[in-house]
Q: 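Sharing a structure here in C-alpha cells format.
The residues of the chain are indexed from 1 along the displayed sequence.
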Amino acid sequence: METSDNATPAEEPTGIAAQDWATASAEPQYRAAVVDLLGALAYGELAAFERLAEDAKLAPTLADKAELAKMASAEFHHFEQLRDRLAAVDAEPTAAMEPFAKALDDFHRQTAPSDWLEGLVKAYVGDSIASDFYREVAARLDSDTRRLVLSVLDDTGHGNFAVEKVRAAIEADPRVGGRLALWARRLMGEALSQAQRVVAERDALSTMLVGGVADGFDLAEVGRMFSRITEAHTKRMAALGLAA
C-alpha cells in the first residue's frame with residue numbers, strides 16, 4: 001500500500017491500543033467487536049482469493065495469468081492467518097465470517113467486471129478502500145490484533161501491477177480512460193455503502209467505531225475517517241491516470 005509523503009511520527013498508543021489481547025479481551029463487548037472485525041476480514045480475504053482466481057481467466061497473457069494466481073495465493077494465506085487467529089481466541093471461524101458473507105457477495109455480484117481492465121481497477125480501487133477502512137480501525141485495536149490486521153493488509157503487489165497495466169491501456173487507447181473512470185466512481189460508491197451497511201448491522205462493531213468501547217471513534221471522527229478514505233481514493237485514481 002502507498003504511504004503519505006508527509007507522514008508524521010505515530011502517536012504513542014493509549015487506552016486499548018496500548019494493551020495486549022489478553023488484557024483488552026476481558027471486556028466482552030470489545031472481544032465481540034474484534035471477532036466481528038476478524039470475521040469480516042477473513043471473509044473478505046477468502047472472497048478476494050476467489051475473485052482473483054476468477055479474474056485470471058480474463059488475463060490476456062500467460063504472464064498476467066501467473067501474476068494474478070500469485071496474488072490469489074497471497075490472499076488465501078491471509079485468510080488462513082485470520083481463520084487460525086479466530087480459532088485461537090475460541091471463536092468458530094465459519095460462524096464469525098457468516099454475518100458478512102451476504103453483504104460482500106452482494107457487493108461482488110453488483111460490481112462484476114466485464115473485462116480484464118475493469119477487473120484490475122476493481123481490485124485496485126475496491127481492495128484499497130477496504131484496506132484503508134481496516135487500517136483506520138486497526139489504530140484503535142489492542143497491540144496483538146493490530147499487528148495481525150496490518151500484516152494481512154500488506155499489499156500483494158496488485159497495486160503496482162494494476163497501475164502499470166491500466167496506464168498502458170489508456171496510453172494505447174485514451175477512450176478507455178473515460179469508461180474506467182466511471183467504473184471506478186461506481187466502485188467507490190458501492191464500497192463505501194457496503195462498509196457502512198456492515199458496520200451498522202453489527203452492534204459490537206458499530207459501538208466500537210462510535211466510541212462506545214474505550215477510546216473508539218466518535219461520530220465526528222467517523223466522518224473524518226471516510227473523508228480520508230475518499231482523499232486516498234482520489235490519489236489512487238490519479239495514479240491510474242483516471243479522473244476521480
Side-chain angles (χ1 to χ4, degrees), residues 1-8 10-11 17 33 36-37 40-41 43-45 47-48 51 100 103-104 106-113 117-141 146 149-150 152-156 158-163 165-167 170 176-202 205-211 215-244:
M1 303 298 295
E2 296 180 14
T3 56
S4 170
D5 293 333
N6 300 312
T8 56
E11 295 181 5
D36 271 354
L37 187 69
L41 257 177
Y43 192 78
E45 294 293 339
R51 191 191 68 244
F100 307 99
L104 284 165
D106 286 349
F107 169 74
H108 288 305
R109 185 164 48 251
Q110 292 161 3
T111 58
L117 291 174
E118 286 190 1
L120 288 178
V121 171
K122 178 180 176 180
Y124 182 57
V125 171
D127 289 357
S128 295
I129 292 169
S131 292
D132 285 345
F133 172 74
Y134 287 122
R135 284 180 188 278
E136 292 274 359
V137 176
R140 268 66 178 182
L141 299 175
R146 181 170 64 250
V149 168
L150 294 178
V152 301
L153 293 178
D154 278 348
D155 190 357
T156 60
H158 209 135
N160 291 336
F161 181 76
V163 168
K165 296 296 181 179
V166 171
R167 291 189 75 96
I170 293 173
V176 170
R179 173 172 67 87
L180 293 180
L182 288 173
W183 171 243
R185 284 196 285 274
R186 179 186 166 195
L187 289 170
M188 175 66 173
E190 294 282 1
L192 288 180
S193 294
Q194 183 252 346
Q196 290 166 340
R197 179 157 64 99
V198 165
V199 171
E201 291 177 354
R202 302 300 294 175
L205 196 54
S206 61
T207 300
M208 181 175 72
L209 287 174
V210 298
D215 53 348
F217 297 104
D218 58 22
L219 287 173
E221 178 57 23
V222 171
R224 289 191 290 270
M225 176 186 74
F226 281 109
S227 293
R228 289 191 293 270
I229 291 173
T230 301
E231 182 180 350
H233 168 73
T234 300
K235 291 179 179 178
R236 290 191 190 96
M237 291 286 281
L240 286 170
L242 302 174

Q: Decide yes or no for Leu153 and Leu41: does some side-chain heavy atom of the first lie under 4.5 Å from some side-chain heavy atom of the second?
A: yes
Q: Could you go through Leu37 and Leu141, starting from their C-alpha distance and side-chain angles, then the distance that decides it, and tell me whether this counts as side-chain contact (heavy atoms from CB on, under 4.5 Å)?
A: CA-CA 10 Å; Leu37 187 69; Leu141 299 175; 3.5 Å; yes
Q: Any idea which heavy atoms bring Val152 and Glu45 closest together, and the distance?
A: O-OE2, 3.5 Å
Q: Please test Lys165 against Asn160 for side-chain contact (heavy atoms from CB on, under 4.5 Å), starting from the C-alpha separation and ending with a verdict.
A: CA-CA 9 Å; Lys165 296 296 181 179; Asn160 291 336; over 6 Å; no
Q: Are Val125 and Leu240 packed together at the side-chain level, in the sense that at least one heavy-atom pair is separated by less than 4.5 angstrom?
A: yes
Q: Nearest 0.5 Å, please: how far is CZ in Arg224 from CD in Glu231?
A: 14.0 Å
Q: Minimum heavy-atom separation for Pro113 and Lys122, please, with both atom names.
A: CD-CD, 4.3 Å
Q: For Arg109 and Leu104, indicate whether the former's side chain and the latter's backbone hold a donor-acceptor pair under 3.5 Å.
A: no
Q: Can you tell me how far CD of Glu190 sits from NE2 of His108, rounded to the nearest 0.5 angstrom?
A: 12.0 Å
Q: Which heavy atom of Trp183 sits nearest a heavy atom of Ala112, and at what distance?
A: CH2-O, 3.8 Å
Q: Could you state the interatomic distance from CE (Met237) to OG (Ser128), rounded to the nearest 0.5 Å?
A: 12.0 Å
Q: Do the non-hydrogen side-chain atoms of Asp36 and Phe100 ever get within less than 4.5 Å of each other?
A: yes
Q: Do the non-hydrogen side-chain atoms of Leu242 and Ile170 ever get within less than 4.5 Å of each other?
A: yes
Q: Quick check: do Leu182 and Arg185 have side-chain heavy atoms less than 4.5 Å from each other?
A: yes
Q: Is any side-chain heavy atom of Asp127 less than 4.5 Å from a side-chain heavy atom of Arg51?
A: yes
Q: Considering all heavy atoms of both residues, which atom of Ala239 and which atom of Tyr124 are nearest to each other, and what is their separation?
A: CB-OH, 3.9 Å
Q: Between Met188 and Ile129, is a side-chain contact (heavy atoms from CB on, under 4.5 Å) present by the stated rule, with each step listed?
A: CA-CA 8 Å; Met188 175 66 173; Ile129 292 169; 3.2 Å; yes
Q: Please round to the nearest 0.5 Å and tell me the distance separating atom CG of Leu117 and atom CZ of Arg179.
A: 6.0 Å
Q: Is there a donor-acceptor pair closer than 3.5 Å between any side-chain N or O of Arg146 and the backbone N or O of Ala17?
A: yes
Q: Quick one, Leu192 and Phe133 - any side-chain contact, counting heavy atoms below 4.5 Å?
A: no
Q: For Leu150 and Tyr134, run side-chain contact (heavy atoms from CB on, under 4.5 Å): C-alpha distance rounded to whole Å, both residues' side-chain angles, the deciding distance at 0.1 Å, then the answer.
A: CA-CA 8 Å; Leu150 294 178; Tyr134 287 122; over 6 Å; no
Q: Got Leu120 and Val163 here, is their nearest side-chain heavy-atom distance under 4.5 Å?
A: no
Q: Identify the heavy atoms of Ala191 and Phe107 that sit nearest to each other, and give their distance.
A: N-CE1, 3.7 Å
